[in-house]
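Because the structure is predicted, anything quoted here is derived from the model rather than measured.
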Amino acid sequence: MNTAIKINEKELLSLYNSPLDELLKEAKKYNSNTVEFCSLISARTGKCSESCKYCAQSSYYMTNIFTHPLVKIEDVIKTATEAKKNGATRFAIVTSGRGPSKADIPIMCEMIKEINTLGLKSCASLGLLTPDVAKQFKEAGLVRYHHNINTSKSYHPYITSTHTFEDRINTIKYCKDAGLEVCSGVIIGMGETIEQRVEMALNLAEIEPNSIPVNFLTPIKGTPFESYEDKIDEEHILRTLAIIKIANPVSVVRFAGGRKLRLSKENMEKALDTTVNGILIGNYLTTIGIEPAEDIKTLQKLGKKLYV
């Protein structure tokens with residue numbers, strides 16, 4: 001992992017604003033020739049008590065998504081098995097809500113055990129945790145916990161009022177203290193400034209996550225951000241990916257939600273060549289992704305190898 005932040009805010013901002021080809025060339029120094037696939041199941045969807053303005057699952061907003069309670073363990077096994085066939089080495093159970101209930105925890109622990117039994121590395125994204133719950137998941141065999149910072153510390157209060165940036169950081173700390181790997185990323189294109197994109201890259205560097213999933217906002221009708229299609233363009237997506245990679249040279253920078261909508265095939269390839277060495281394959285929580293076979297063809301074209 002990163003042992004220290006090797007670049008300061010002023011230097012990173014200067015890089016962000018440098019000619020794009022030069023910026024990508026700098027980021028490519030830290031990229032790898034292998035790309036890691038992971039996948040997920042939306043194990044509980046919708047009716048979330050949090051007010052995140054980007055989210056279709058928040059109960060604060062009227063969106064046309066399909067909601068469902070916690071799925072059965074059999075559904076997790078079936079979806080994880082398919083993900084493994086498609087090249088995934090990691091599989092996550094993801095649930096809506098502030099955090100797992102007391103009744104949820106033993107069921108989730110069984111899900112984790114089943115994922116590991118399939119030969120996949122288990123991941124989970126279950127909201128805010130306490131130290132004790134983080135330890136329970138670790139004891140069940142969980143390998144990695146996913147909990148995004150979502151945006152920069154300074155912009156976070158604009159995104160939600162029902163929890164703080166510090167709440168998110170504390171959950172990440174509890175997971176690290178329990179011995180779990182950490183996956184923590186962001187959503188870009190939510191109205192943040194260039195300076196705040198630089199800030200979020202450095203906020204991530206302070207966390208030292210194993211994996212950094214980068215989502216590109218998919219504006220969902222009914223949410224406060226439904227008209228935010230123009231808050232970031234493809235060039236600035238590439239610039240943001242580059243500074244995240246430069247500030248976090250050892251972390252896997254991962255394509256997550258929104259790339260099908262927000263990036264051309266040419267720029268997806270450019271990002272994979274220079275900054276991105278992980279992909280969350282298949283569909284996402286409430287949006288459609290790209291077929292894994294198409295991603296594999298792209299990697300072959302670029303001379304990249306699938307991490308196994």
Side-chain angles (χ1 to χ4, degrees), residues 1-5 36 38-44 48-50 52 70 76 80 88-116 120-153 156 159-160 162-187 200-215 244 247-248 250-254 256 278 280 285:
M1 296 305 299
N2 309 359
T3 56
I5 299 171
E36 179 189 68
C38 66
S39 192
L40 61 78
I41 183 171
S42 186
R44 180 172 56 224
C48 182
S49 63
E50 303 305 288
C52 305
L70 195 64
V76 174
T89 54
R90 298 179 182 276
F91 187 81
I93 51 173
V94 182
T95 57
S96 60
R98 184 176 178 86
S101 69
K102 193 171 183 180
D104 286 340
I105 293 170
I107 301 170
M108 291 170 174
C109 285
E110 285 304 310
M111 291 177 177
I112 290 163
K113 291 174 183 176
E114 291 292 344
I115 292 166
N116 290 339
L120 290 161
K121 295 177 181 177
S122 57
C123 304
S125 182
L126 311 171
L128 299 171
L129 301 185
T130 63
D132 181 61
V133 173
K135 289 176 184 175
Q136 288 183 62
F137 288 143
K138 172 65 176 178
E139 289 167 1
L142 185 65
V143 176
R144 180 176 290 181
Y145 196 74
H146 169 256
H147 196 63
N148 286 341
I149 61 169
N150 284 336
T151 189
S152 67
K153 183 177 181 179
H156 190 272
I159 301 300
T160 183
T162 50
H163 62 266
T164 65
F165 188 83
E166 287 72 23
D167 289 332
R168 289 188 169 271
I169 296 298
N170 285 340
T171 285
I172 292 166
K173 180 181 182 297
Y174 300 150
C175 289
K176 284 193 161 191
D177 288 347
L180 292 167
E181 295 178 4
V182 167
C183 176
S184 184
V186 291
I187 307 166
M200 71 174 71
L202 293 172
N203 291 152
L204 288 166
E206 291 175 1
I207 295 168
E208 299 184 355
N210 301 83
S211 171
I212 300 174
V214 182
N215 301 270
I244 289 173
N248 300 272
V250 182
S251 303
V252 172
V253 175
R254 189 180 304 276
L280 176 57
L285 299 179

Between the OG atom in Ser184 and the CD1 atom in Ile149, the distance rounded to the nearest 0.5 Å is 5.5 Å
Arg254 side chain to Glu36 backbone, donor-acceptor under 3.5 Å:
yes
- Query: Is the shortest heavy-atom distance from the side chain of Leu280 to the side chain of Pro213 under 4.5 Å?
  - Reply: no
Using the side chain to side chain contact (heavy atoms under 4.5 Å, CB included) rule, take Glu166 and Lys153 through it: C-alpha gap first, then chi angles, then the decisive distance, then the call.
-> CA-CA 9 Å; Glu166 287 72 23; Lys153 183 177 181 179; 3.2 Å; yes
Is a side-chain N or O of Lys121 found less than 3.5 angstrom from the main chain of Thr89, in a donor-acceptor match? no
What donor-acceptor contacts under 3.5 angstrom involve side-chain atoms of residues 122-132, with partners at least two apart or in another chain?
| from | atom 1 | to | atom 2 | distance (Å) |
| --- | --- | --- | --- | --- |
| Ser122 | OG | Asn116 | OD1 | 2.9 |
| Ser122 | OG | Gly141 | O | 3.2 |
| Ser122 | OG | Val143 | N | 3.3 |
| Ser125 | OG | His146 | O | 3.3 |
| Ser125 | OG | His146 | ND1 | 2.9 |
| Thr130 | OG1 | Val133 | N | 3.3 |
| Asp132 | OD2 | Gln136 | NE2 | 3.0 |

Checklist entry - Can you find a pair of side-chain heavy atoms, one from Arg98 and one from Cys48, that are under 4.5 Å apart? => result no
dist Lys176:NZ -> Ile172:CD1 (nearest 0.5 Å) comes out at 8.0 Å
>> Checking the side chain of Asn148 only, and the main-chain atoms of Gly185 only, is there a donor and an acceptor separated by less than 3.5 Å?
In response: yes
Residues passing the side chain to side chain donor-acceptor pair (under 3.5 Å) test with Ser49, sequence neighbours excluded, are none
Do Leu40 and Ile93 have side chains that get closer than 4.5 Å, going by heavy atoms?
-> no
message: Below 30° counts as parallel, above 60° as perpendicular, anything between as tilted: where do the rings of Phe165 and His156 land?
response: perpendicular
Rounded to the nearest 0.5 Å, the CG atom of Leu180 sits from the CG atom of Leu142 at a distance of 5.0 Å
Val76 and Ile115: side chain to side chain contact (heavy atoms under 4.5 Å, CB included), yes or no, with the steps? CA-CA 8 Å; Val76 174; Ile115 292 166; 4.0 Å; yes
Evaluate Leu70 against Ile107 for side chain to side chain contact (heavy atoms under 4.5 Å, CB included), listing each step before the verdict. CA-CA 9 Å; Leu70 195 64; Ile107 301 170; 3.9 Å; yes
| query | So Thr95 and Met108, side chain to side chain contact (heavy atoms under 4.5 Å, CB included) or not? Walk me through it. | reply | CA-CA 10 Å; Thr95 57; Met108 291 170 174; 3.8 Å; yes
Checking the side chain of Asn215 only, and the main-chain atoms of Val186 only, is there a donor and an acceptor separated by less than 3.5 Å? yes
Heavy-atom closest pair (Leu202 atom, Ala247 atom, distance to 0.1 Å) is CD2-CB, 4.3 Å
Query raised in the report: Do the charged groups of Arg44 and Asp104 touch, with an N to O distance under 4.0 Å?
Result: yes
Thr162 meets the side chain to side chain contact (heavy atoms under 4.5 Å, CB included) criterion, sequence neighbours left out, with Glu50, Ser51, Tyr60, Thr160
Would you say the side-chain atoms of Ser251 pair up with the backbone N or O of Pro209, donor to acceptor, closer than 3.5 Å?
yes
Within the 3.5 Å criterion, strictly below it, is a donor on Arg168 or His163 matched to an acceptor on the partner's side chain?
yes
Exercise. Between Asn150 and Ile187, is there a donor-acceptor pair closer than 3.5 Å when you use the side chain of the first and the backbone of the second?
Worked result: no
Can you check whether Cys183's main-chain N or O pairs, donor with acceptor, with Asn210's side chain at less than 3.5 Å? no
Value for SG (Cys175) from CZ (Phe137), rounded to nearest 0.5 Å, stands at 9.0 Å
Carboxylate-amine/guanidinium contact Arg90 Glu181, below 4.0 Å = yes
Q: State whether the side chain of Asp177 and the backbone N or O of Tyr174 hold a donor-acceptor pair below 3.5 Å, judged by distance alone.
A: no
dist Met111:CE -> Phe91:CZ (nearest 0.5 Å) comes out at 10.0 Å
